[in-house]
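Every number for a ligand or one of its atoms is a count from 1 in the order of the listing.
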Amino acid sequence: MVTSEKIKELENKAKVIRRHIIEMISRCGSGHPGGSLSAADILTVLYFHTLKHDPKNPKWDERDRFVLSKGHAAPVLYATLAEAGYFPKSYLKTLRQIGSSLQGHVDMISLPGIEMSTGSLGQGFSAANGMALACRMDKKNNHIYVVIGDGESQEGQIWEAAMTAGHYKLDNLTVILDHNKYQIDGQVEEIKGIQPIADKWRAFRFNVIDGVNGHDIKSIIKALDDASKAKGKPTIIIAETIKGKGVSFMENNPLDFHGKAPTKEEVIKALEELI
Ligand SMILES: Cc1ncc(C[n+]2csc(CCOP(=O)(O)OP(=O)(O)O)c2C)c(N)n1
Ligand SMILES: [Mg+2]
């Protein structure tokens, strides 16, 4: 049972993470705000409620694993890791600077806490399958989580990976689809539709938890709790989200804010909305 105080605490944490996303991207003048903001509540629940992890010991053998398959949303993962204590928050200022470990897409070699380097869409999920299989072989009682995008779901590799996870009955794996309905240049359903998405995952032998409000902390917690209890099948949580969530003029506006930094004036407006 999660208390209302804990829910409030998580809601506030997500707001802080959204503020970091805006500040980081505007400071360096490039990056992906839309898909970072849509995943902020999901990552907040994962790192501050669900995941078994130790920021002071990122390689802890018993840890759960998180893979951000939609690696262009790096700012949300950096902000979350900093808030969790993996590295000082002041380091967020170095996003996309030469020599920084915080590059435009996440790098597992240079940044402790990153389990898989991603950015080439479609690949992170396959790596997560490998982790889930390895943990099972080692008889480890931990869980692997992977966030994928809906545009990313047009990649063939996503479906190869889905077939693998279903075939091997990877019940230590949970996929979370950030279903924000937009990709880089428009609506997913107009560009190359993925519906009926829940049926597709069922056909790939997944336990499907759909209709989850991906911005409601309580609903995300419940979905993740249910996923961890599922036996004999991997789970997908279809999280209904809004691209750019939390900043009114970024919401559902991929042509301006999929991969572009806000101006100084826009930053002021955005931060006012995130108090
Ligand atoms: C293999 C590959 N092709 C193209 C790109 C360029 N790209 C970056 S993000 C993106 C759109 C992704 O859409 P979606 O998965 O819906 O992400 P979100 O809406 O969560 O930002 C594209 C095409 C890439 N990173 N990798
Ligand atoms: Mg999308």
Self-check item: Salt bridge Lys140-Asp61, side-chain N to carboxylate O under 4.0 Å
Solution: yes
Quiz item: Considering Ile191, Leu121, Thr118, which one's heavy-atom position lies nearest to atom 10 (C) of ligand 1?
Solution: Leu121
Quiz prompt | Proximal candidate to atom 11 (C) of ligand 1 [heavy atom criterion; set Ile158, Ile184, Asp178] | solution = Ile184
Self-check item: Distance-only side-chain donor-acceptor flag, His215 / Glu240, under 3.5 Å
Solution: no
Practice problem: Test His53 against every option in Phe48, Phe66, Tyr47 by the ring pair (Phe, Tyr, Trp, His ring centres under 6.0 Å) rule and name the one that passes. | Solution: Tyr47
Exercise. Check whether any N or O atom of Gln183, backbone or side chain, sits under 3.5 Å from an N or O atom of ligand 1, and answer yes or no.
Key: no
Practice problem: Give the numbers and elements of all ligand 1 atoms closer than 4.0 Å to a heavy atom of Gly149. | Solution: 15 (O)
Quiz item: To which protein heavy atom is atom 18 (P) of ligand 1 closest, and what is the distance rounded to 0.1 Å?
Solution: Lys243 NZ, 3.4 Å
Quiz item: Of the backbone and side-chain N, O or S atoms of Asn180, does one lie nearer to the Mg ion (ligand 2) than 2.8 Å?
Solution: yes
Self-check item: Nitrogen or oxygen of Ser120 less than 3.5 angstrom from that of ligand 1
Solution: no
Quiz item: What are the atoms of ligand 1, with element, lying closer than 4.0 Å to any heavy atom of Asn180?
Solution: 18 (P), 19 (O), 20 (O)
Exercise. Taking both backbone and side-chain atoms into account, decide whether Asp150 has an N/O/S atom under 2.8 Å from the Mg ion (ligand 2).
Key: yes
Practice problem: Consider every N or O of Ser38 and every N or O of ligand 1, then say whether any pair is closer than 3.5 Å. | Solution: no
Practice problem: Give the residue, atom name and distance (to 0.1 Å) of the protein heavy atom nearest atom 15 (O) of ligand 1. | Solution: Glu152 N, 2.8 Å
Self-check item: pair Thr241-Lys245: side-chain heavy atoms closer than 4.5 Å
Solution: no
Quiz item: What class does the angle between the rings of His72 and His32 fall in, given that below 30° is parallel, 30 to 60° is tilted and above 60° is perpendicular?
Solution: perpendicular
Practice problem: Heavy-atom contacts with Gly35 under 4.0 Å: which atoms of ligand 1 show up? List them by number with element. | Solution: 20 (O), 21 (O)
Quiz item: How about Ser38: does one of its N, O or S atoms come closer than 2.8 Å to the Mg ion (ligand 2)?
Solution: no
Quiz item: Which residue owns the protein heavy atom closest to atom 21 (O) of ligand 1, what's the atom, and how far is it?
Solution: His72 NE2, 2.7 Å
Quiz item: Are any of the side-chain nitrogens in Asp225 or Lys222 under 4.0 Å away from the carboxylate oxygens of its partner?
Solution: no
Quiz prompt | Salt bridge flag under 4.0 Å for residues Lys89 and Glu83 | solution = yes
Quiz item: Heavy atoms, side chains only, cut-off 4.5 Å: are Val67 and Val147 in contact?
Solution: no
Quiz item: Just wondering, are more than 12 heavy atoms of other shown residues or ligands nearer than 6.0 Å to NZ in Lys200?
Solution: yes
Quiz prompt | From CA spacing to verdict: salt bridge (Lys or Arg N to Asp or Glu O under 4.0 Å), Asp150, Lys181 | solution = CA-CA 7 Å; Asp150 44 10; Lys181 289 95 180 164; over 6 Å; no
Exercise. Could you label the plane-to-plane angle of the His143 and Tyr145 rings as parallel, tilted or perpendicular, counting under 30° as parallel and over 60° as perpendicular?
Key: tilted
Quiz item: Which protein non-hydrogen atom lies closest to atom 14 (P) of ligand 1, naming both residue and atom, and how far is it?
Solution: Gly151 N, 3.5 Å
Self-check item: Worked verdict on Leu46 versus Ile176 for side-chain contact (heavy atoms from CB on, under 4.5 Å)
Solution: CA-CA 11 Å; Leu46 281 167; Ile176 302 146; 4.1 Å; yes
Quiz prompt | His258 heavy atom under 4.0 Å from ligand 1 | solution = yes
Practice problem: Can you figure out which of Lys181, His32, Lys70 has its heavy atom closest to atom 20 (O) of ligand 1? | Solution: Lys70
Exercise. Could you tell me the residue and atom name of the protein heavy atom closest to atom 3 (N) of ligand 1, and the distance to it rounded to 0.1 Å?
Key: Glu155 OE2, 4.0 Å
Self-check item: Proximal ligand 1 atoms for Gly119, defined as those under 4.0 Å from one of its heavy atoms
Solution: 24 (C), 25 (N), 26 (N)
